[in-house]
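A quick write-up on the structure given underneath.
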Amino acid sequence: MNTLRDGTLTRAAMLVLAMAAGGCAQATSEPQSGVPTQDGGTGGSGGTGGTGGTGGAAGDSGSCICAANTQVECTCAGGVIGSKTCAADCLSYSTCECNTGTGGTGGTGTGGTGTGGTGTGGTGTGGTGTGGTGGTAGSGTGGTGGGADCGSAVDVCPGQAIALTGSGTDPRVGSASGDTSTLCHDYSGTCGSSSSASDAVFSFTPDIDGTATVSLGGDAVSVWDAVLYARTTCTDSTTEIKCSDSFNQYTPGGETMTFPATANTTYYMFVDGYSSMSGAFDINVKVVPKGCGDGIVQPPEQCDDGNKVDNDFCKNDCTTNPHPAGDTCPGMTLTLNGVGTDTRTASVSGDTTNMANDYSASCASSSGAAPDMVFAITPDVDGTMAIDLGSTSWDAVVSVRTTCDNQGSEVTCADEPENALITGLPVMANTTYYAILDGYSSASGPFQFNVSIKPAYCGNGTVEGTEQCDDGNKLDGDGCDHFCQIEPKGPADVCPGVNVQFVQSGGSQIASISGSTTGMTPAYKGSCGSSDTSPDQVYHFNSGTGGTVSLTLPTSTTNYDATLYVRKGACSGPSAVEVACDDAIGNGGEAITFKAPPNTDYWVFVDGYSGASGNYSLEVTLTPSCGDGVVDPGEQCDDGNVTPGDGCDASCVVEASCSAVQVSEPDSPTSPTVIPSACGTFLVHDTAITDGDADYYQFNAAANATIDAHTFVGSPGTCPAGTALVMSLWKGAASAVAPNNLSCTGQTGNVACAETASGDWCSSLSYSVPAASAGPFQIKVYSRDTHSTVASYDLLVTVH
């Protein structure tokens, strides 16, 4: 109700309050009918000033209380003076206009009942109007214009009309957009504590009886907490139909309300805010005509599923369909409802009892006698899909495929007795997914098949695409910003993490890091330990020359149930590949060891089990693997030492004099390619085998030595699919006659033979030289099919 002006309140005091208010002059509350507004005394004539918007009506006292079309003063928030206009019925006033324009200079004149002093014009965006009245012999000064959009069409009643489109039995739909942050506070609803928030007014007038659904979208879903309410009389709060405020001020959400609508009746929709919240929004209106298709079964309807699908269980004339689609592929097409950021939904009721048994699912025994149904779902947005059956009386199974009649395309399956829930299934826009409703064993019966698809966008509570986080809002400062990127709480809180600082210790590099995950962001999760809700810390290192990496969380310095995992390729995102994950029982004890090739980046995550956090120590050891006798990724050779001059140098690279062995063609067991005696390790690179050819290599080996030989193509540890290289080792001269020129099977005379891929090698063998067998050895290499060719191969041999 507007504040009544008491005759004892002096004009000078009112003007001082008006000057103090400044900016957007806002009404303290909306005017109510039934209470006339009193006028004060008349001062001297002032200069011209801005005139604001129109206020609410005065009550009907049964006789004229004002002169039609004349203006009187009224009081706005903070004591600011506005004006209102007497209506043509001389019984009511318009809403108090509180917006402002640039006031003129107050004139001097003979005072009425006011006290002499300086008059102040109204403030706002209005044009030239009548300024404030000065006191006796006082001189008035014009006020300063404000910036708010108070008094615009959308700010006050009757608001902006939303045009509805549609005819016949089609729903009537319409929408509009706006932003309450540029408006003023004029109205309040019965929910949501909206007594101080700015608001906007919209109206719609359906041409049919039906069911109206009004919803908010845009930023009102994820950025700010809106309040939505409806009235049948714009300025009368007692005519409120519904009020919706589903969430609190810290968790925004789109408001939706449904109510019966009558043809040719105007409904007023108010977009308000919780507390003092405001922002941009979309408002959507849909009126479904009363009768068949409104979702309400009314005689003589046999059913009413509220959709326009004629091949489901309820036909478009609201009679039961005895032969609904969906028994076989391509299934029953479901129509999804929802626009913008609204969740897309569809629901259909039916019974699988009379369907045939055509399909099966991977998660249950549904391939027996259970009948099934198929539903085709095509979302118009990227997002995540959920399917549930409410609560059925039988054991149902639901699976989803991307190709209707191909079980191999199944992407998920659920067998939860009586509801068969599927949640969080990623789906793509304009892609059809086929949901198959089946039964465990031979189960069947009535169902309610419900589908919902939550559109993918920052603020919907689901991490999608390039998002690092999604906490269901777009508020900064809460750990996840309005772009759904993590807000770091320290250098190790989020990727790329803190660089590990190594120190040399013996032949290894070591690092010891102490820290705490308490209070950090739960940004990442590994494949073990249920770590998705636990806060974590991130560390980065490069493997340098490569070697063996050991990571541990000692139990003596870790006071919570931790989880430890390692990634390479990238710290996070689709390029990140998990190397290993460990979750020991109890506090600490996690340990990971792996081989690292040279110059490779790794990220180490100290996380927690199921929300746990606390203090830890991370021990990191990087031991160069060159010299351990195993050819690791990044090494060309490894002869078990780091002594130069034996063919394999201290960096595990084949020395130049032993890395360019050339085959002397034509070679044979009696005329082999002889390896220099200094080359304990030698490399034959890029050598071809022609039709029917074999290559022979001769070298010496001491008693008790180990001979390791590997074939590959291009680089160590590489063997393209289909490459077939037979490698045999002979004491003395090799044999070239059958069966020794075919596969290893049946060969005679060799001491070792290999022809199948071993690890990443094309063929690989290892032989320990007996004490009495020192001397020359030969290696024979040829294609498994002696009539095929090998365009290029490499041979690495180490005698150590």
Side-chain touch Phe270/Cys234, heavy atoms, less than 4.5 angstrom: yes

Are Cys318 and Cys303 close enough that their SG atoms are less than 2.5 Å apart? no

For Thr239 and Thr233, indicate whether the former's side chain and the latter's backbone hold a donor-acceptor pair under 3.5 Å. yes

Given side chains that start at C-beta, do those of Val271 and Leu216 come closer than 4.5 Å, heavy atoms only? yes

Rounding to 0.5 Å, atoms OG (Ser215) and CD1 (Ile283) come to a distance of 8.0 Å

Lys/Arg N to Asp/Glu carboxylate O, Asp236 vs Arg231, below 4.0 Å: no

Smallest separation among heavy atoms of Val227 and Gly273, with atom names: CG2-C, 3.7 Å

Spacing of Met428 atom CE and Met385 atom CE [to the nearest 0.5 Å]: 13.5 Å

Answer with yes or no after comparing the ring centroid distance for Phe375 and Phe449 against a 6.0 Å cut-off, counting only values under it. yes

Of Thr213, Asp342, Val214, Val173, which is the lone residue that meets side-chain contact (heavy atoms from CB on, under 4.5 Å) with Asn284? Asp342

Note, Thr232 side chain near Tyr268 side chain (heavy atom, < 4.5 Å): no

Taking the side chain as every heavy atom from C-beta outward, state whether Pro171 and Lys286 have any pair of such atoms under 4.5 Å apart. yes

Decide if atom CZ of Phe259 counts as having more than 12 heavy atoms of other residues, nucleotides or ligands within a radius under 6.0 Å. yes

Shortest non-hydrogen contact from Ser152 toward Leu183: OG-CD2, 4.0 Å

Side chains of Val287 and Phe204: closer than 4.5 Å at any heavy-atom pair? yes

What's the verdict on side chain to side chain contact (heavy atoms under 4.5 Å, CB included) for Val201 and Gln160, showing C-alpha distance, side-chain angles and the deciding distance? CA-CA 6 Å; Val201 187; Gln160 176 183 322; over 6 Å; no

Looking at Trp224 and Phe281, would you say the former's side chain and the latter's main chain have a donor-acceptor pair under 3.5 Å? no

Residues at least two apart in sequence or cross-chain that pass side-chain hydrogen bond (donor to acceptor under 3.5 Å, both in side chains) with Glu240, listed by chain then number, are Thr190

Identify, with sequence neighbours excluded, every residue that meets side-chain hydrogen bond (donor to acceptor under 3.5 Å, both in side chains) alongside Asp179. Ser181

Between Cys484 and Cys480, which heavy-atom pair has the shortest distance, and what is it? CA-SG, 3.8 Å

Which value, rounded to the nearest 0.5 Å, describes the distance between Glu301 atom CD and Cys314 atom SG? 7.5 Å

How long is the span from the CG atom in Leu164 to the CG atom in Asp207, to the nearest 0.5 Å? 8.0 Å

If we ignore hydrogens and angles and just use 3.5 Å, is the side chain of Lys242 paired with the main-chain N or O of Thr258 as donor and acceptor? yes

Taking all heavy atoms of Ala230 and all of Met257, pick out the closest pair and write down the distance. CB-SD, 4.0 Å

I'd like to know if the side chain of Ser347 pairs up with that of Gln448 as donor and acceptor (distance under 3.5 Å, no hydrogens or angles considered). yes

Return yes if some donor-acceptor pair links the side-chain N/O of Arg172 with the main-chain N/O of Thr165 below 3.5 Å, else return no. no

Given 3.5 Å as the limit, does a donor-acceptor pair link the side chain of Asp380 with the main chain of Ala429, or not? no

Can you list everything that forms a side chain to side chain contact (heavy atoms under 4.5 Å, CB included) with Lys290? Sequence neighbours excluded, please. Asp209, Asp294, Gln298

Pair Cys184-Ser198, side chain to side chain contact (heavy atoms under 4.5 Å, CB included): steps then yes or no: CA-CA 5 Å; Cys184 291; Ser198 52; 5.6 Å; no

Any sub-3.5 Å donor-acceptor pair from Arg344's side-chain atoms to Gly338's backbone N or O? yes

Nearest heavy atoms of Thr256 and Ser244, plus distance in Å: O-OG, 3.7 Å

Please name all residues satisfying side chain to side chain contact (heavy atoms under 4.5 Å, CB included) with Ala197, sequence neighbours left out, ordered by chain then number. Asp272

What I want to check is whether the side chains of Ser203 and Thr266 have a donor and an acceptor closer together than 3.5 Å. no

Strictly distance-based, threshold 3.5 Å: is any side-chain N or O of Tyr187 a donor or acceptor partner for the main-chain N or O of Cys157? yes

Could you check if a side-chain atom of Met332 sits within less than 4.5 angstrom of a side-chain atom of Phe313, using non-hydrogen atoms only? yes

Nearest atoms (heavy-atom pairs only) where Phe202 meets Ala176: CE2-CB, 3.8 Å

Here the gap from Ile453 atom CD1 to Leu336 atom CG, rounded to the nearest 0.5 Å, amounts to 5.0 Å

Would you find a donor on one side and an acceptor on the other, under 3.5 Å apart, between the side chain of Asp481 and the backbone of Gln485? yes

Just so I know, are the side chains of Leu334 and Val348 near enough to count as touching, which here means a heavy-atom distance under 4.5 Å? yes

Roughly how far, to the nearest 0.5 Å, is OG1 of Thr333 from CD1 of Ile377? 10.0 Å

Restricting to side-chain hydrogen bond (donor to acceptor under 3.5 Å, both in side chains), what partner residues turn up for Thr378, sequence neighbours left out? Thr432

Evaluation steps, side chain to side chain donor-acceptor pair (under 3.5 Å), between Ser452 and Thr343: CA-CA 6 Å; Ser452 64; Thr343 298; over 6 Å; no

Residue set satisfying side chain to side chain contact (heavy atoms under 4.5 Å, CB included) with Asp282, at least two apart, ordered chain then number -> Ser177

Does the Thr211 side chain pair with the main chain of Val288, one donor and one acceptor, at a distance under 3.5 Å? no

